[in-house]
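First listed ligand is number 1; within each ligand, the first listed atom is number 1. Scope of the values below: all heavy atoms of this structure, side chains included, with no hydrogens, waters or symmetry mates.
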Amino acid sequence: MTATSLSTKLGIRKLTARIGAEVTGLSPDRDLDAETATAVRAALNEHKALVFRGISLDDEGQQRFAGYFGPLTSAHPTVPAVDGEPNVLPVDSEDGRVNHWHTDVTFVLNPPQASTLRSIVVPPYGGETLIANAGAAYRDLPGPLRDFADSLWAAHTNDYDYAVPPESLNETERARRAVFVSTKYETAHPVVRVHPLTGERGLFIGGFAQRIVGLSKGESKDILRLLQAYVTRPENILRVSWEPGQLVLFDNRITQHYAIDNYDDLPRRLNRVTVAGDVPAGGHRHGAPRQNWK
Ligand SMILES: O=C(O)CCC(=O)C(=O)O
Ligand SMILES: [Fe+2]
């Protein structure tokens, strides 16, 4: 397919005051020229989550679209990809429900900068994805808390006590969990991340952040709960309702997300493709504990 200049037709409609926009006049299934890709990146910088509706993408198309924003990661560090598509992760309700707040794969040194999710099977009700603006959360903090957060580092790991106790998991869920932690990762990141393209600061925590470097588990839990409460304020959240032919692109450097488990046992399936990211940078006055923080 040839590149088509679409940027003049690009429409950006805000979905909430603080996060999210629907992009119209652009088919992610067409080739994007440089100007259009730049306009989409600018919209992503501003709105943090972009919704594209009425699209007809296959796995190839989703990967091509994600590729405009940088090189792709493998599907996941531990979870197998879609057969024959090493960059595509199946997100299938049969394998479990991601109903906890997180940012994708933050337990590695350079987590994916952006994720795309594409609807494959949509339940007739429920199954929405929440996406939270972690930059607004940071700005909502009272000054002294902001300064405090600025000074912290958090250890992120894929091996932690998930909200669900292991004894309540069924066999499939237990097996999936075992695959997820088959290689254990732990990485320290700044709690306040400076976005490399905009300079905007955001809380960079989420479910894989399990401990604050230098604090006990108990102290860490309290601090993380306090900060996380700002991320999940309703004002900071976009609620994405899924429909067939939909793609959502979100900026992992400054958002968290949560898949709501409110669709009974109905099937739900999305495919995820993520764009490789940089090593998170903070605005620290205290140096980096990355090398010897354990
Ligand atoms: O199912 C969703 O809406 C989100 C899935 C997700 O967060 C993930 O696969 O990391
Ligand atoms: Fe996720």
For this session: Name whichever N, O or S atom of His102 ends up nearest to the Fe ion (ligand 2).
Result: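 It is NE2, the N, O or S atom of His102 closest to the Fe ion (ligand 2).
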Exercise. Looking at the Fe ion (ligand 2), which N/O/S atom of Asp104 is the nearest one?
Worked result: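 The atom in question is OD1.
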Exercise. To the nearest 0.1 Å, how far is atom 1 (O) of ligand 1 from its closest protein heavy atom, and which atom is that?
Worked result: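 Of every protein heavy atom, Arg268 NH1, 2.7 Å lies nearest to atom 1 (O) of ligand 1.
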Problem set entry | Closest protein heavy atom to atom 5 (C) of ligand 1, given as residue, atom name and distance to 0.1 Å |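 Going by distance alone, atom 5 (C) of ligand 1 is nearest to Val91 CG1, 3.6 Å.
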Problem set entry | Sidechain N-carboxylate O distance under 4.0 Å for Arg146, Asp140 |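 Salt bridge flag = no for Asp140 with Arg146.
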Problem set entry | Salt bridge present between Glu200 and Arg139 (N-O < 4.0 angstrom) |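 Answer for the salt bridge query: yes.
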Per-atom contacts, ligand 1 versus [X] - under 4.0 Å to a heavy atom:
X      : result
Thr129 : 2 (C), 3 (O)
Leu270 : 1 (O), 2 (C), 3 (O)
Asp104 : 10 (O)
Ala259 : 1 (O), 2 (C), 3 (O), 4 (C)

For this session: Check whether any side-chain heavy atom of Glu60 lies under 4.5 Å from a side-chain heavy atom of Glu85, and answer yes or no.
Result: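 Yes. Closest side-chain heavy atoms under 4.5 Å.
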Exercise. Does the side chain of Asn262 pick up a donor-acceptor pair with the side chain of Glu128 at under 3.5 Å?
Worked result: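 There is such a pair (donor and acceptor under 3.5 Å, judged by atom type) between the side chains of Asn262 and Glu128.
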Exercise. Can you find an N/O atom of Trp242 closer than 3.5 Å to an N/O atom of ligand 1?
Worked result: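 N/O-N/O distance under 3.5 Å: no.
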Exercise. Once the angle between the rings of Phe52 and Phe65 is folded into 0 to 90°, is it parallel (under 30°), tilted (30 to 60°) or perpendicular (over 60°)?
Worked result: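 Phe52 vs Phe65 ring planes: perpendicular.
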Exercise. Quick check, are the ring centers of His156 and Phe204 under 6.0 angstrom apart?
Worked result: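 Ring centroids of His156 and Phe204 are less than 6.0 Å from each other.
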